[in-house]
There are 2 protein chains.
Amino acid sequence: MGLKTPSRDSRPREAVPAAASNTGAAQAPMREFSRSLPMALLRAREAVMRHFRPSLRADGVTEQQWRILRALSSIDIIEVTDLARVAYLLGPSLSRILRDLEARRLIERKTVKSDLRRGTISITAKGLKLIEAVAPHSEAIYAEMTKRYGAQKLSDLQDMLNLLESSLLAMPVHGGNNDADDSGDDK
Amino acid sequence: MGLKTPSRDSRPREAVPAAASNTGAAQAPMREFSRSLPMALLRAREAVMRHFRPSLRADGVTEQQWRILRALSSIDIIEVTDLARVAYLLGPSLSRILRDLEARRLIERKTVKSDLRRGTISITAKGLKLIEAVAPHSEAIYAEMTKRYGAQKLSDLQDMLNLLESSLLAMPVHGGNNDADDSGDDK
DNA sequence: CCAAAATGATTAACATGTTAAGTTAAATGG
DNA sequence: CCATTTAACTTAACATGTTAATCATTTTGG
């Protein structure tokens with residue numbers, strides 16, 4: 001992720017130069033687009049991450065790697081599948097990242113003896129040291145953001161986002177294999 | 001993007017099995033993590049996009065390609081740099097996507113005669129047809145989401161997101177080359 | 001106990017995110 | 001008018017997002 005408003009220039013200059021005045025059929029502008037919900041969420045998230053990326057990058061970790069390490073730092077040991085849920089990453093991404101983090105000795109993995117398919121992950125001392133090095137700065141940034149936006153607003157926003165998520169998770173996906181929730185009465 | 005809650009299973013099962021009870025030093029849980037603002041924004045956006053992806057995919061376009069085509073459909077012609085801003089994509093991504101969309105005859109490009117560095121993009125009839133094929137369904141989904149979450153809440157959420165964005169854009173980035181806004185008195 | 005279905009995790013393949021380097025053309029400053 | 005600098009893209013290179021396929025291991029149902 002991360003878009004820093006491509007080619008940011010100082011002076012304001014009209015966002016879309018030769019807009020409007022179509023040549024042929026004047027189709028409906030279609031929900032302004034730039035103000036659609038997905039776009040608003042994307043822009044907001046980028047505005048947030050923009051502040052974290054530099055320090056993370058300085059310490060040699062990506063945003064996703066950081067999510068994993070941070071999750072591990074407060075859990076001690078966890079299975080891969082559960083880690084995927086906690087760090088909100090898809091399996092394939094997680095597999096690649098774990099491979100890399102293991103090579104860098106930031107994490108360790110073991111196979112569950114009772115089920116050889118499963119693997120457990122834990123953070124190493126080196127990994128913890130990295131966390132401890134980055135966390136303070138990260139927390140400071142978070143605090144500054146909270147101060148600027150307002151603690152109450154921030155809290156409200158989070159509630160609204162959570163509600164949005166749960167509302168939409170309850171909404172059936174049209175053309176998708178909704179293996180989601182179907183009040184389990186398995187088989 | 002898109003994470004569909006890795007391995008979604010029907011029955012609720014504790015999110016993080018062997019959590020807590022660390023072996024060694026009990027470090028602070030650190031802002032719950034899973035409830036951090038970046039995570040909330042990510043999850044919310046995914047909850048939204050999850051509903052659009054299937055139909056887009058069915059019509060052979062990715063989310064980003066769709067953003068571009070949709071932007072073009074209401075603008076008729078636009079320069080690459082401006083398109084990057086409107087579709088909120090970084091230059092390199094845009095270059096690759098435009099190359100692909102051009103090969104598929106969904107867009108056309110011309111060089112600006114007065115400045116050979118610049119290029120202008122416009123959507124083709126074929127591209128418009130694609131838009132018209134997908135848009136209705138897309139709008140229907142958007143309407144359903146609005147209905148479920150509530151039009152007023154949605155509007156409020158957007159306002160809050162926009163405010164968050166502007167608040168954070170005004171906040172200086174710590175370790176970054178802030179070529180951003182510095183009250184222009186160029187040179 | 002065994003063949004078939006289900007699971008957990010990884011690999012494959014392709015598109016995009018992201019930062020750093022080019023490339024070509026235009027604007028600038030002698 | 002010309003060497004620098006700047007601007008607008010494009011490429012390169014590497015990490016992740018995403019969906020499909022593959023693998024090994026377990027669980028199921030006979």
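Scope of the values below: all heavy atoms of this structure, side chains included, with no hydrogens, waters or symmetry mates. Proteins get letters first, then strands, A, B, ... in listed order; numbering begins at 1 in each.
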When the side chains of residues 149-157 of chain B are checked against the rest of the protein, which donor-acceptor pairs come out under 3.5 Å, sequence neighbours left out?
residue  : atom : partner  : partner atom : Å
B:Tyr149 : OH   : A:Met160 : O            : 2.9
B:Gln152 : NE2  : B:Asp156 : OD1          : 2.9

Within residues 98-112 of chain B, residues whose heavy atoms come under 4.0 Å of DNA chain C: none
Sugar-phosphate, base or nothing in reach of B:Ile97, heavy atoms under 4.0 Å: sugar-phosphate
Touch class at under 4.0 angstrom, heavy-atom based, for A:Glu79 against every strand present: nothing
Taking salt bridge (Lys or Arg N to Asp or Glu O under 4.0 Å) as the test, write out the residues that go with [X], two or more places apart.
| X | answer |
| --- | --- |
| A:Glu144 | A:Arg148 |
| B:Arg104 | B:Asp100 |
| B:Arg96 | none |
| B:Arg57 | none |

ring-ring contact (aromatic ring centres under 6.0 Å, His included) partners of A:His137, counting only residues at least two apart: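 For A:His137, the residues satisfying ring-ring contact (aromatic ring centres under 6.0 Å, His included) (neighbours in sequence not counted) are B:His174.
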Could you list the protein-to-nucleotides 22-25 of chain D atom pairs, N/O on both sides, closer than 3.5 Å?
residue : atom : partner  : partner atom : Å
D:dT25  : O2   : A:Arg117 : NH1          : 3.4

Length of the [atom1]-[atom2] vector between [X] and [N], whole Å:
| X | N | atom1 | atom2 | answer |
| --- | --- | --- | --- | --- |
| A:Glu63 | C:dT16 | CD | C1' | 14 Å |
| A:Arg67 | D:dT16 | CZ | P | 10 Å |
| A:Leu56 | C:dG17 | CG | P | 19 Å |
| A:Arg50 | C:dG17 | CZ | C1' | 17 Å |
| A:Arg53 | D:dA15 | CZ | P | 16 Å |
| B:Ile78 | D:dC9 | CD1 | C1' | 15 Å |
| B:Glu46 | D:dT16 | CD | P | 18 Å |
| A:Arg118 | C:dT10 | CZ | P | 13 Å |

Ignoring backbone atoms, establish whether [X] has a side-chain N or O less than 4.0 Å from OP1 or OP2 of [N].
| X | N | value |
| --- | --- | --- |
| A:Ser95 | C:dT11 | no |
| B:Gln64 | D:dG17 | no |
| A:Ser93 | D:dG17 | yes |
| B:Thr81 | D:dA8 | no |

Below 3.5 Å is the cut-off: list the nitrogen or oxygen pairs between protein and nucleotides 12-14 of chain C, distance only.
residue : atom : partner : partner atom : Å
C:dA13  : N6   : A:Arg96 : NH1          : 3.4

Among C:dT19, D:dC9, C:dA15, the nucleotide that comes nearest once only the side chain of A:Arg57 is considered: C:dT19
Candidates C:dT19, D:dT16, D:dA7 - which lies nearest the side chain of B:Leu90: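 Selected nucleotide: C:dT19.
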Pairing residues for B:Thr124 by the side chain to side chain contact (heavy atoms under 4.5 Å, CB included) criterion, not counting sequence neighbours: B:Glu108, B:Lys126
Residues that A:Thr62 engages under side chain to side chain contact (heavy atoms under 4.5 Å, CB included), provided they are two or more places apart: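 Applying side chain to side chain contact (heavy atoms under 4.5 Å, CB included) to A:Thr62 gives A:Gln64, A:Gln65.
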A:Leu94 vs A:Lys113, nearer the 5' end of DNA chain D by closest nucleotide: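 By nearest-heavy-atom nucleotide position, the 5'-most residue is A:Leu94.
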Non-neighbouring partners of A:Asn162 that pass side chain to side chain donor-acceptor pair (under 3.5 Å), sequence neighbours left out: none
Minimum-distance pair of heavy atoms, taken over all atoms of A:Met39 and B:Ala87: CE-O, 3.7 Å
More than 12 heavy atoms from other groups under 6.0 Å of CZ on A:Arg109: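 Yes, CZ of A:Arg109 has more than 12 neighbouring heavy atoms, counting only those of other groups under 6.0 Å.
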Steps toward salt bridge (Lys or Arg N to Asp or Glu O under 4.0 Å) verdict (B:Glu46, B:Arg50): CA-CA 6 Å; B:Glu46 173 53 24; B:Arg50 189 170 73 97; 5.7 Å; no
